[in-house]
Amino acid sequence: MRRRLTAVAAALLVLVTSCSGEAVETPESSARERVEVFSWWTGLGEADGLKAMRALFEKQNPGFTFVDAAVEGGSGDQARALLSSKLQANQPPDTFQGHAGAELQGYITAGKLEPLNFLYDELKLRDAFPPQLVEQISVHGEIYSVPVNIHRSNVLWLNPAVLRAAGVPGAPQTLPQFLEALEKVKATGKVPLAIGPQWTVVHLFESVLLGSLGTKAYNKLWTADGDWNSAAMKRALTDFAAVLAFTGPPQTDWQPAAKQVADGEAAFTVMGDWAYSYFHNPPDGGLGKTSKKDFDWAPSPGTAGTFMWLSDSFTLPRGAPNREGALAWLKVAASKAGQDAFNPLKGSIPARRDADTSLYKDYLAWNQGEWARDQLAGSIQHGVVAGDGWRAAINDAVGIFMENPDVVELQRALVLAAKNSGQ
Ligand code: GAL
(Lines give C-alpha, C1' and ligand atoms only; values in the text may rest on other atoms or scores of the structure.)
Protein backbone atom coordinates (compact mmCIF):
# COMPACT_ATOMS: atom_id res chain seq x y z
CA MET A 1 0.00 0.00 0.00
CA ARG A 2 2.76 2.36 1.09
CA ARG A 3 4.58 1.42 -2.09
CA ARG A 4 1.60 2.23 -4.24
CA LEU A 5 1.18 5.61 -2.56
CA THR A 6 4.81 6.44 -3.25
CA ALA A 7 4.37 5.48 -6.88
CA VAL A 8 1.27 7.64 -7.14
CA ALA A 9 3.10 10.55 -5.51
CA ALA A 10 5.97 10.11 -7.93
CA ALA A 11 3.58 10.08 -10.83
CA LEU A 12 2.28 13.44 -9.68
CA LEU A 13 5.63 15.07 -9.94
CA VAL A 14 7.36 16.35 -12.96
CA LEU A 15 10.75 17.90 -12.69
CA VAL A 16 11.63 21.25 -14.10
CA THR A 17 14.57 23.47 -13.30
CA SER A 18 15.14 26.96 -12.11
CA CYS A 19 17.94 29.04 -13.57
CA SER A 20 20.03 28.31 -10.47
CA GLY A 21 20.33 24.81 -11.91
CA GLU A 22 18.44 23.18 -9.05
CA ALA A 23 15.76 20.75 -10.13
CA VAL A 24 12.35 21.88 -8.91
CA GLU A 25 9.40 19.53 -8.62
CA THR A 26 5.96 20.64 -9.80
CA PRO A 27 2.78 18.73 -9.19
CA GLU A 28 2.10 17.85 -12.82
CA SER A 29 1.94 14.20 -13.52
CA SER A 30 4.74 12.26 -15.12
CA ALA A 31 6.02 8.79 -14.47
CA ARG A 32 8.71 9.21 -17.05
CA GLU A 33 12.33 9.14 -16.14
CA ARG A 34 14.12 12.44 -15.89
CA VAL A 35 17.32 13.13 -17.80
CA GLU A 36 19.19 16.06 -16.37
CA VAL A 37 21.14 17.93 -19.04
CA PHE A 38 23.57 20.48 -17.63
CA SER A 39 24.74 23.47 -19.69
CA TRP A 40 24.78 27.27 -19.52
CA TRP A 41 22.61 27.90 -22.51
CA THR A 42 19.82 29.96 -21.00
CA GLY A 43 20.01 33.41 -22.54
CA LEU A 44 19.24 35.00 -25.89
CA GLY A 45 21.42 33.58 -28.62
CA GLU A 46 22.17 30.56 -26.43
CA ALA A 47 18.90 28.82 -25.66
CA ASP A 48 17.46 28.42 -29.18
CA GLY A 49 19.84 25.66 -30.24
CA LEU A 50 19.34 23.69 -27.05
CA LYS A 51 15.57 24.03 -27.43
CA ALA A 52 15.72 22.56 -30.94
CA MET A 53 17.86 19.62 -29.87
CA ARG A 54 15.64 19.05 -26.87
CA ALA A 55 12.56 18.90 -29.13
CA LEU A 56 14.24 16.20 -31.21
CA PHE A 57 15.25 14.28 -28.08
CA GLU A 58 11.68 14.41 -26.75
CA LYS A 59 10.28 13.24 -30.07
CA GLN A 60 12.68 10.33 -30.27
CA ASN A 61 12.50 9.41 -26.57
CA PRO A 62 8.92 9.63 -25.32
CA GLY A 63 9.93 7.54 -22.30
CA PHE A 64 12.24 10.21 -20.89
CA THR A 65 11.64 13.66 -19.43
CA PHE A 66 14.24 16.22 -20.40
CA VAL A 67 15.29 18.29 -17.40
CA ASP A 68 17.02 21.51 -18.36
CA ALA A 69 19.64 22.03 -15.66
CA ALA A 70 21.17 25.04 -17.39
CA VAL A 71 22.84 27.62 -15.15
CA GLU A 72 22.78 31.19 -16.35
CA GLY A 73 25.94 33.11 -17.24
CA GLY A 74 27.97 33.38 -20.43
CA SER A 75 30.95 31.11 -20.90
CA GLY A 76 29.66 28.99 -18.04
CA ASP A 77 31.59 30.78 -15.32
CA GLN A 78 28.85 30.14 -12.77
CA ALA A 79 27.88 26.80 -14.30
CA ARG A 80 31.39 25.40 -14.25
CA ALA A 81 31.86 26.30 -10.58
CA LEU A 82 28.61 24.57 -9.63
CA LEU A 83 29.45 21.57 -11.80
CA SER A 84 32.81 21.19 -10.16
CA SER A 85 31.24 21.05 -6.68
CA LYS A 86 28.61 18.57 -7.89
CA LEU A 87 31.27 16.31 -9.37
CA GLN A 88 33.38 16.55 -6.25
CA ALA A 89 30.41 15.50 -4.16
CA ASN A 90 29.79 12.63 -6.62
CA GLN A 91 26.42 14.08 -7.52
CA PRO A 92 26.78 14.50 -11.26
CA PRO A 93 23.99 15.50 -13.61
CA ASP A 94 23.13 12.79 -16.14
CA THR A 95 25.16 14.58 -18.79
CA PHE A 96 26.96 17.89 -18.96
CA GLN A 97 28.42 20.20 -21.54
CA GLY A 98 32.19 20.52 -21.41
CA HIS A 99 34.78 21.93 -23.79
CA ALA A 100 36.84 19.61 -25.92
CA GLY A 101 40.54 19.91 -25.11
CA ALA A 102 42.32 20.67 -21.86
CA GLU A 103 39.14 21.34 -19.87
CA LEU A 104 37.73 17.91 -20.67
CA GLN A 105 41.11 16.28 -20.04
CA GLY A 106 40.85 17.63 -16.48
CA TYR A 107 37.56 15.80 -15.89
CA ILE A 108 39.01 12.65 -17.45
CA THR A 109 42.15 12.69 -15.32
CA ALA A 110 40.03 13.22 -12.21
CA GLY A 111 38.17 10.01 -13.14
CA LYS A 112 34.84 11.77 -13.52
CA LEU A 113 33.85 10.50 -16.97
CA GLU A 114 33.06 7.17 -18.58
CA PRO A 115 34.76 6.37 -21.87
CA LEU A 116 32.40 6.26 -24.81
CA ASN A 117 34.25 3.95 -27.22
CA PHE A 118 31.30 1.57 -27.23
CA LEU A 119 29.01 4.39 -28.41
CA TYR A 120 31.53 5.45 -31.05
CA ASP A 121 31.60 1.85 -32.31
CA GLU A 122 27.83 1.47 -32.26
CA LEU A 123 27.15 4.77 -34.06
CA LYS A 124 30.27 4.67 -36.26
CA LEU A 125 31.33 8.03 -34.92
CA ARG A 126 35.07 7.72 -35.43
CA ASP A 127 34.68 8.72 -39.07
CA ALA A 128 31.96 11.27 -38.42
CA PHE A 129 34.23 13.73 -36.58
CA PRO A 130 37.55 15.27 -37.69
CA PRO A 131 40.42 13.14 -36.32
CA GLN A 132 42.12 16.15 -34.66
CA LEU A 133 38.93 16.80 -32.72
CA VAL A 134 38.64 13.19 -31.56
CA GLU A 135 42.22 13.47 -30.34
CA GLN A 136 41.22 16.42 -28.12
CA ILE A 137 38.57 14.34 -26.36
CA SER A 138 40.63 11.17 -25.97
CA VAL A 139 43.13 9.85 -23.46
CA HIS A 140 45.08 6.63 -24.12
CA GLY A 141 42.74 5.62 -26.94
CA GLU A 142 39.58 6.11 -24.88
CA ILE A 143 37.12 8.71 -26.18
CA TYR A 144 35.25 10.67 -23.54
CA SER A 145 32.65 12.93 -25.09
CA VAL A 146 30.39 13.72 -28.00
CA PRO A 147 31.26 17.03 -29.67
CA VAL A 148 28.16 18.76 -30.92
CA ASN A 149 29.69 21.79 -32.65
CA ILE A 150 32.61 23.95 -33.59
CA HIS A 151 32.50 27.56 -32.44
CA ARG A 152 34.86 30.29 -33.49
CA SER A 153 36.32 32.64 -30.89
CA ASN A 154 38.27 35.18 -33.00
CA VAL A 155 35.48 37.25 -34.48
CA LEU A 156 35.28 41.03 -34.57
CA TRP A 157 31.61 42.08 -34.67
CA LEU A 158 30.92 45.59 -35.82
CA ASN A 159 28.23 48.15 -36.56
CA PRO A 160 28.70 49.41 -40.16
CA ALA A 161 26.81 52.70 -39.57
CA VAL A 162 28.92 53.59 -36.53
CA LEU A 163 32.08 52.91 -38.53
CA ARG A 164 30.85 55.01 -41.44
CA ALA A 165 30.01 57.93 -39.15
CA ALA A 166 33.51 57.72 -37.68
CA GLY A 167 35.16 57.64 -41.10
CA VAL A 168 36.46 54.09 -40.68
CA PRO A 169 36.56 52.54 -44.18
CA GLY A 170 35.81 48.93 -43.14
CA ALA A 171 36.77 46.16 -40.77
CA PRO A 172 40.34 46.69 -39.58
CA GLN A 173 42.66 43.89 -40.71
CA THR A 174 45.64 44.46 -38.44
CA LEU A 175 46.13 45.52 -34.85
CA PRO A 176 47.53 48.97 -35.83
CA GLN A 177 44.50 49.50 -38.10
CA PHE A 178 42.27 48.40 -35.24
CA LEU A 179 43.80 50.97 -32.87
CA GLU A 180 43.38 53.67 -35.50
CA ALA A 181 39.72 52.76 -35.96
CA LEU A 182 39.12 52.69 -32.20
CA GLU A 183 40.60 56.17 -31.93
CA LYS A 184 38.32 57.48 -34.67
CA VAL A 185 35.22 56.01 -33.05
CA LYS A 186 36.23 57.44 -29.70
CA ALA A 187 36.30 60.91 -31.26
CA THR A 188 32.61 60.53 -32.19
CA GLY A 189 31.62 59.88 -28.58
CA LYS A 190 30.48 56.28 -29.19
CA VAL A 191 31.87 53.33 -27.26
CA PRO A 192 34.77 52.04 -29.39
CA LEU A 193 34.90 48.48 -28.02
CA ALA A 194 32.10 46.91 -25.98
CA ILE A 195 32.92 44.41 -23.24
CA GLY A 196 31.04 42.39 -20.64
CA PRO A 197 32.33 40.83 -17.43
CA GLN A 198 35.93 39.76 -16.88
CA TRP A 199 35.72 36.56 -18.92
CA THR A 200 34.86 38.59 -22.04
CA VAL A 201 38.11 40.48 -21.55
CA VAL A 202 40.00 37.17 -21.37
CA HIS A 203 38.17 36.33 -24.59
CA LEU A 204 39.46 39.59 -26.09
CA PHE A 205 42.92 38.81 -24.70
CA GLU A 206 43.18 35.51 -26.57
CA SER A 207 42.31 37.22 -29.86
CA VAL A 208 44.85 40.00 -29.32
CA LEU A 209 47.50 37.46 -28.32
CA LEU A 210 46.86 35.46 -31.48
CA GLY A 211 46.84 38.58 -33.66
CA SER A 212 50.02 39.97 -32.17
CA LEU A 213 52.12 36.80 -31.78
CA GLY A 214 50.96 34.98 -34.90
CA THR A 215 49.57 31.47 -35.01
CA LYS A 216 52.80 29.50 -34.70
CA ALA A 217 54.05 31.37 -31.63
CA TYR A 218 50.56 31.34 -30.06
CA ASN A 219 50.23 27.58 -30.48
CA LYS A 220 53.70 27.06 -29.04
CA LEU A 221 52.65 28.71 -25.78
CA TRP A 222 50.72 25.59 -24.85
CA THR A 223 53.62 23.19 -25.44
CA ALA A 224 56.66 22.45 -23.30
CA ASP A 225 58.61 24.99 -25.42
CA GLY A 226 56.16 27.85 -24.75
CA ASP A 227 58.00 31.07 -23.89
CA TRP A 228 55.82 33.47 -21.94
CA ASN A 229 58.82 35.59 -21.06
CA SER A 230 59.76 36.62 -24.61
CA ALA A 231 60.02 40.13 -26.03
CA ALA A 232 57.28 39.15 -28.51
CA MET A 233 54.99 38.35 -25.59
CA LYS A 234 55.78 41.71 -24.02
CA ARG A 235 54.82 43.39 -27.32
CA ALA A 236 51.58 41.38 -27.42
CA LEU A 237 50.72 42.45 -23.88
CA THR A 238 51.48 46.05 -24.79
CA ASP A 239 49.08 45.69 -27.73
CA PHE A 240 46.50 44.27 -25.35
CA ALA A 241 46.92 47.27 -23.03
CA ALA A 242 46.46 49.63 -25.99
CA VAL A 243 43.25 47.89 -27.09
CA LEU A 244 41.90 47.69 -23.55
CA ALA A 245 42.18 51.46 -23.21
CA PHE A 246 39.28 51.77 -25.69
CA THR A 247 36.78 49.51 -23.92
CA GLY A 248 33.48 50.84 -22.66
CA PRO A 249 31.97 50.27 -19.21
CA PRO A 250 31.73 46.50 -18.55
CA GLN A 251 28.24 45.16 -19.25
CA THR A 252 26.67 42.37 -17.22
CA ASP A 253 27.24 39.67 -19.85
CA TRP A 254 28.27 39.22 -23.48
CA GLN A 255 24.72 39.86 -24.78
CA PRO A 256 24.37 43.41 -23.42
CA ALA A 257 27.85 44.17 -24.82
CA ALA A 258 26.84 42.81 -28.25
CA LYS A 259 23.59 44.76 -27.98
CA GLN A 260 25.54 47.99 -27.67
CA VAL A 261 26.94 47.18 -31.11
CA ALA A 262 23.55 46.19 -32.52
CA ASP A 263 21.96 49.37 -31.15
CA GLY A 264 24.66 51.61 -32.59
CA GLU A 265 26.00 52.66 -29.18
CA ALA A 266 29.30 50.90 -29.79
CA ALA A 267 31.39 50.16 -32.87
CA PHE A 268 32.97 46.78 -32.05
CA THR A 269 32.96 43.77 -29.79
CA VAL A 270 35.24 40.73 -29.98
CA MET A 271 33.13 37.70 -29.20
CA GLY A 272 32.60 34.10 -30.23
CA ASP A 273 30.13 33.32 -32.94
CA TRP A 274 27.31 32.57 -30.54
CA ALA A 275 26.95 36.34 -31.02
CA TYR A 276 25.80 35.64 -34.56
CA SER A 277 22.68 33.82 -33.40
CA TYR A 278 22.03 36.59 -30.90
CA PHE A 279 22.19 39.26 -33.63
CA HIS A 280 20.43 37.20 -36.26
CA ASN A 281 17.84 34.88 -34.67
CA PRO A 282 14.27 36.23 -34.76
CA PRO A 283 13.04 38.08 -31.66
CA ASP A 284 12.39 35.70 -28.83
CA GLY A 285 15.72 33.99 -29.29
CA GLY A 286 17.70 36.87 -30.77
CA LEU A 287 17.57 40.49 -31.91
CA GLY A 288 16.29 39.82 -35.44
CA LYS A 289 18.97 42.03 -37.03
CA THR A 290 20.01 41.95 -40.68
CA SER A 291 23.51 40.78 -41.40
CA LYS A 292 25.80 43.17 -43.33
CA LYS A 293 23.35 46.01 -42.74
CA ASP A 294 22.80 46.16 -38.98
CA PHE A 295 25.92 44.20 -38.08
CA ASP A 296 28.94 42.75 -39.82
CA TRP A 297 31.97 40.67 -38.90
CA ALA A 298 35.58 39.95 -39.75
CA PRO A 299 38.36 37.81 -38.27
CA SER A 300 39.63 39.65 -35.19
CA PRO A 301 42.50 41.97 -36.23
CA GLY A 302 45.68 40.20 -37.27
CA THR A 303 44.11 36.71 -37.25
CA ALA A 304 42.81 36.24 -40.82
CA GLY A 305 43.62 32.72 -42.00
CA THR A 306 43.43 31.28 -38.48
CA PHE A 307 40.39 29.77 -36.87
CA MET A 308 40.52 30.00 -33.11
CA TRP A 309 38.26 27.13 -32.27
CA LEU A 310 36.37 25.58 -29.40
CA SER A 311 33.87 22.78 -29.24
CA ASP A 312 30.94 22.08 -26.94
CA SER A 313 30.75 18.42 -26.14
CA PHE A 314 28.49 16.29 -23.97
CA THR A 315 29.72 13.70 -21.53
CA LEU A 316 28.68 10.64 -19.58
CA PRO A 317 29.68 11.29 -15.96
CA ARG A 318 30.55 8.26 -13.85
CA GLY A 319 27.62 7.59 -11.56
CA ALA A 320 25.08 9.40 -13.77
CA PRO A 321 21.73 8.74 -12.04
CA ASN A 322 20.05 7.97 -15.36
CA ARG A 323 22.80 6.47 -17.50
CA GLU A 324 20.40 5.13 -20.07
CA GLY A 325 18.74 8.52 -20.43
CA ALA A 326 22.13 10.21 -20.72
CA LEU A 327 23.06 7.82 -23.52
CA ALA A 328 19.80 8.64 -25.28
CA TRP A 329 20.77 12.33 -25.11
CA LEU A 330 24.29 11.62 -26.36
CA LYS A 331 22.84 9.72 -29.31
CA VAL A 332 20.78 12.74 -30.32
CA ALA A 333 23.75 15.10 -29.82
CA ALA A 334 25.94 12.82 -31.95
CA SER A 335 23.45 12.45 -34.78
CA LYS A 336 23.36 14.37 -38.04
CA ALA A 337 19.75 15.37 -37.31
CA GLY A 338 20.66 16.57 -33.81
CA GLN A 339 23.61 18.62 -34.99
CA ASP A 340 21.66 20.10 -37.89
CA ALA A 341 18.83 21.08 -35.51
CA PHE A 342 21.18 22.62 -32.96
CA ASN A 343 23.91 24.41 -34.86
CA PRO A 344 22.10 26.71 -37.31
CA LEU A 345 20.37 28.24 -34.27
CA LYS A 346 23.43 28.23 -32.03
CA GLY A 347 25.69 30.16 -34.39
CA SER A 348 28.07 27.23 -34.66
CA ILE A 349 28.96 24.76 -37.37
CA PRO A 350 28.48 21.04 -36.86
CA ALA A 351 31.29 18.89 -35.52
CA ARG A 352 30.15 16.10 -37.88
CA ARG A 353 31.66 16.14 -41.32
CA ASP A 354 28.53 14.89 -43.08
CA ALA A 355 26.08 17.57 -41.95
CA ASP A 356 23.74 19.25 -44.43
CA THR A 357 25.80 22.27 -45.53
CA SER A 358 22.79 23.93 -47.17
CA LEU A 359 21.37 24.66 -43.71
CA TYR A 360 24.31 26.90 -42.87
CA LYS A 361 23.82 30.30 -44.44
CA ASP A 362 25.20 33.81 -44.21
CA TYR A 363 27.88 34.02 -41.47
CA LEU A 364 27.69 30.25 -40.99
CA ALA A 365 28.41 29.52 -44.65
CA TRP A 366 31.39 31.89 -44.54
CA ASN A 367 32.62 30.22 -41.38
CA GLN A 368 32.32 26.72 -42.82
CA GLY A 369 34.67 27.79 -45.60
CA GLU A 370 37.09 29.22 -43.05
CA TRP A 371 37.03 26.02 -40.99
CA ALA A 372 37.92 24.01 -44.08
CA ARG A 373 40.83 26.30 -45.07
CA ASP A 374 42.28 27.97 -42.00
CA GLN A 375 45.08 27.06 -39.66
CA LEU A 376 43.85 26.19 -36.18
CA ALA A 377 44.51 27.72 -32.78
CA GLY A 378 42.72 26.75 -29.54
CA SER A 379 40.75 29.07 -27.27
CA ILE A 380 41.98 29.84 -23.75
CA GLN A 381 38.74 31.01 -22.18
CA HIS A 382 36.70 28.19 -23.69
CA GLY A 383 38.76 25.30 -22.46
CA VAL A 384 40.85 24.14 -25.41
CA VAL A 385 44.46 24.93 -24.59
CA ALA A 386 44.57 25.47 -20.82
CA GLY A 387 43.04 23.28 -18.13
CA ASP A 388 40.77 24.85 -15.53
CA GLY A 389 43.57 25.77 -13.09
CA TRP A 390 45.67 27.49 -15.73
CA ARG A 391 42.67 29.23 -17.21
CA ALA A 392 41.71 30.54 -13.75
CA ALA A 393 45.24 31.86 -13.20
CA ILE A 394 45.15 33.66 -16.57
CA ASN A 395 41.73 35.07 -15.64
CA ASP A 396 43.10 36.38 -12.35
CA ALA A 397 46.08 37.98 -14.07
CA VAL A 398 43.85 39.69 -16.63
CA GLY A 399 41.44 40.80 -13.88
CA ILE A 400 44.28 42.47 -11.97
CA PHE A 401 45.49 44.04 -15.22
CA MET A 402 42.06 45.58 -15.79
CA GLU A 403 42.48 47.43 -12.49
CA ASN A 404 46.13 48.23 -12.96
CA PRO A 405 47.39 47.94 -16.54
CA ASP A 406 51.02 47.13 -15.75
CA VAL A 407 52.45 45.05 -18.61
CA VAL A 408 55.52 43.88 -16.66
CA GLU A 409 53.34 42.64 -13.82
CA LEU A 410 50.94 40.90 -16.22
CA GLN A 411 53.81 39.12 -17.96
CA ARG A 412 55.25 38.05 -14.61
CA ALA A 413 51.86 36.61 -13.57
CA LEU A 414 51.45 34.79 -16.90
CA VAL A 415 54.94 33.28 -16.69
CA LEU A 416 54.10 32.01 -13.22
CA ALA A 417 50.71 30.69 -14.35
CA ALA A 418 52.39 28.70 -17.14
CA LYS A 419 55.03 27.36 -14.75
CA ASN A 420 52.42 26.21 -12.23
CA SER A 421 50.01 24.88 -14.83
CA GLY A 422 51.14 21.28 -14.51
CA GLN A 423 50.37 20.81 -18.23
C1 GAL B 1 31.20 29.14 -24.50
C2 GAL B 1 30.38 27.99 -25.06
C3 GAL B 1 29.47 28.51 -26.11
C4 GAL B 1 28.68 29.69 -25.63
C5 GAL B 1 29.56 30.70 -24.93
C6 GAL B 1 28.85 31.90 -24.33
O7 GAL B 1 32.05 28.71 -23.49
O8 GAL B 1 31.25 27.04 -25.57
O9 GAL B 1 28.62 27.48 -26.54
O10 GAL B 1 27.67 29.26 -24.83
O11 GAL B 1 30.35 30.12 -23.96
O12 GAL B 1 28.10 31.56 -23.23
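Whatever order the structure lists ligands and atoms in, that order sets their numbers, starting from 1.
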Asker: Would Ser145 and Ser313 count as having a side-chain donor-acceptor pair, cut-off 3.5 Å?
Answerer: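 Side-chain D/A pair, Ser145 to Ser313: present.
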
Asker: Is a salt bridge present between Asp273 and Lys346, judged by a nitrogen-to-oxygen distance below 4.0 Å?
Answerer: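 No salt bridge links Asp273 with Lys346.
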
Asker: For atom 8 (O) of ligand 1, what is the nearest protein heavy atom, given as residue, atom name and distance?
Answerer: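 Ranked first by proximity to atom 8 (O) of ligand 1 is Asp312 OD1, 2.5 Å.
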
Asker: Pairing donors with acceptors under 3.5 angstrom, does anything connect the side chains of Asn367 and Tyr276?
Answerer: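 No.
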
Asker: With a 4.0 Å cut-off, would you call Asp284 and Lys51 a salt bridge?
Answerer: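 Here Asp284 does not pair with Lys51 in a salt bridge, since their nearest N and O are not under 4.0 Å apart.
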
Asker: Please check: side-chain N/O of Asn322 versus main-chain N/O of Arg34, any donor-acceptor pairing under 3.5 Å?
Answerer: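 Answer holds: yes.
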
Asker: Would Gly76 count as a contact of ligand 1 if the rule is a heavy atom under 4.0 Å away?
Answerer: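 Gly76 does not count as a contact of ligand 1 under the 4.0 Å cut-off.
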
Asker: For His382, take its heavy atoms, then give the atoms of ligand 1 lying under 4.0 Å from any of them.
Answerer: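 Ligand 1 atoms under the 4.0 Å threshold to His382: 1 (C), 7 (O), 11 (O).
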
Asker: Quick one: which ligand 1 atoms are inside 4.0 Å of a heavy atom on His99?
Answerer: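 Those of ligand 1 that fall under 4.0 Å from His99 are 1 (C), 2 (C), 7 (O), 8 (O).
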
Asker: Please say whether more than 12 non-hydrogen atoms of neighbouring residues, nucleotides or ligands are located less than 6.0 Å from CD in Gln132.
Answerer: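 Result for CD/Gln132: enclosed.
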
Asker: For ligand 1, is there an N or O atom under 3.5 Å from any N or O atom of Arg80?
Answerer: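 No.
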
Asker: Show which atoms of ligand 1 fall inside a sub-4.0 Å distance from at least one heavy-atom site of Trp254.
Answerer: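 Those qualifying, in numeric order: 6 (C), 12 (O).
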
Asker: Return yes or no for this condition: an N or O of Trp40 is under 3.5 Å from an N or O of ligand 1.
Answerer: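 Between Trp40 and ligand 1 (N or O atoms, distance only) the closest approach is under 3.5 Å.
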
Asker: Under a 4.0 angstrom heavy-atom cut-off, which atoms of ligand 1 come close to Gly74?
Answerer: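 Heavy-atom distances to Gly74 below 4.0 Å select 12 (O).
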
Asker: Walk me through whether Gln381 and Ser153 qualify under side-chain hydrogen bond (donor to acceptor under 3.5 Å, both in side chains).
Answerer: CA-CA 9 Å; Gln381 173 59 26; Ser153 158; over 6 Å; no

Asker: Out of all atoms in ligand 1, which are within 4.0 Å of some heavy atom of Lys346? Include the element for each.
Answerer: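 Taking each heavy atom of Lys346 in turn, ligand 1 has 3 (C), 4 (C), 9 (O), 10 (O) under 4.0 Å.
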
Asker: Is it possible for you to check whether Arg152 lies under 6.0 Å from the centre of the six-membered ring of Trp371, through NZ or CZ, and within 45° of that ring's axis?
Answerer: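 Not satisfied by the 6.0 Å and 45° rule.
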
Asker: Compute the minimum heavy-atom distance from Gln381 to ligand 1 and say whether it is under 4.0 Å.
Answerer: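 Under 4.0 Å: no for Gln381.
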
Asker: Show the atoms of ligand 1 that are less than 4.0 angstrom away from any heavy atom in Leu310.
Answerer: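 Result: 8 (O).
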
Asker: Ligand 1 versus Glu46, non-hydrogen atoms closer than 4.0 Å: side chain, backbone, both, neither?
Answerer: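 Within the 4.0 Å criterion, Glu46 contacts ligand 1 through side-chain atoms alone.
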
